[in-house]
Each structure stands twice: as C-alpha cells, then as structure tokens.
Amino acid sequence: MSTSDDFPEILTPHQIRFEIDFAIGQMSRGALREWAGKNELKSAAARQYIVDRIAVRFERLQVRRAAPLPHPTDRSKQPE
C-alpha cells in the first residue's frame, strides 16, 4: 500500500457504517451463531473470522487522524 498523499477520499461515519454492515451481511449465519454460542473456543474462532472479514473491507484504505493534542499539564509541549 502506498504511503503517499494520493488518497483524497475521507470516509464519513455513514460510509464506515455501510462498509461494516455490508461485511456482516455477507457472513454466514453459522459464523454469527458460533460467535454467540457458549463454546468459548468456537466463539473466539468465529469472532476472529468475523473481524478478519470486516477488516478486508478496509484493506484498500488508509486510516489517518490528526495529531493528538498535548495534555493540559504537559508544559513542555504547549505553545509559548
């Protein structure tokens, strides 16, 4: 994946919800049932499968955020 700034599209929360909803909609009911089941081993495996299937929807995208704000008590990083 490129690390340059050639990714002009910024996803809105609505678009992110769509991607997640679409991925979940493509999953088998069996996987969703296993995740909700009482068998912890099967539940963990199903959860990992589901997370992987959702993450695939975002592989073609870059995730960026603004730099974190300095903590109010950290005087060394505050503007003068």
Side-chain angles (χ1 to χ4, degrees):
M1 180 177 285
S2 172
T3 58
S4 68
D5 289 334
D6 59 354
F7 289 88
E9 183 178 7
I10 297 173
L11 294 179
T12 65
H14 178 74
Q15 289 169 307
I16 293 169
R17 289 178 59 86
F18 171 82
E19 292 292 338
I20 293 169
D21 183 59
F22 184 83
I24 291 172
Q26 298 298 307
M27 290 176 208
S28 71
R29 288 195 167 109
L32 298 171
R33 269 193 302 272
E34 288 291 339
W35 185 11
K38 293 182 181 182
N39 183 318
E40 289 184 30
L41 187 59
K42 286 183 178 181
S43 178
R47 181 177 60 248
Q48 188 60 52
Y49 169 78
I50 290 168
V51 169
D52 289 347
R53 298 297 299 164
I54 292 171
V56 163
R57 304 284 306 165
F58 294 93
E59 283 184 356
R60 70 187 191 286
L61 306 172
Q62 278 188 349
V63 178
R64 298 182 181 194
R65 69 176 183 108
L69 297 174
H71 193 275
T73 61
D74 186 0
R75 299 197 186 279
S76 66
K77 294 183 182 177
Q78 290 183 352
E80 296 179 21

Under 3.5 Å, side-chain donor or acceptor atoms of residues 11-28 against the rest of the protein: list the pairs with distances, not counting sequence neighbours.
residue	atom	partner	partner atom	Å
Thr12	OG1	His14	N	3.4
Thr12	OG1	Gln15	N	3.1
Thr12	OG1	Gln15	OE1	3.3
Gln15	OE1	Thr12	N	2.7
Gln15	NE2	Glu9	OE2	3.4
Glu19	OE1	Arg57	NE	2.8
Glu19	OE1	Arg57	NH2	2.6
Glu19	OE2	Arg60	NH2	3.3
Ser28	OG	Ala31	N	3.1

Identify every side-chain donor-acceptor pair in residues 33-41 under 3.5 Å, counting partners at least two apart or on other chains, and give the distances.
residue	atom	partner	partner atom	Å
Asn39	OD1	Leu41	N	3.0
Asn39	OD1	Lys42	N	3.1

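Residues passing the side-chain contact (heavy atoms from CB on, under 4.5 Å) test with Ala44, sequence neighbours excluded: Arg47.
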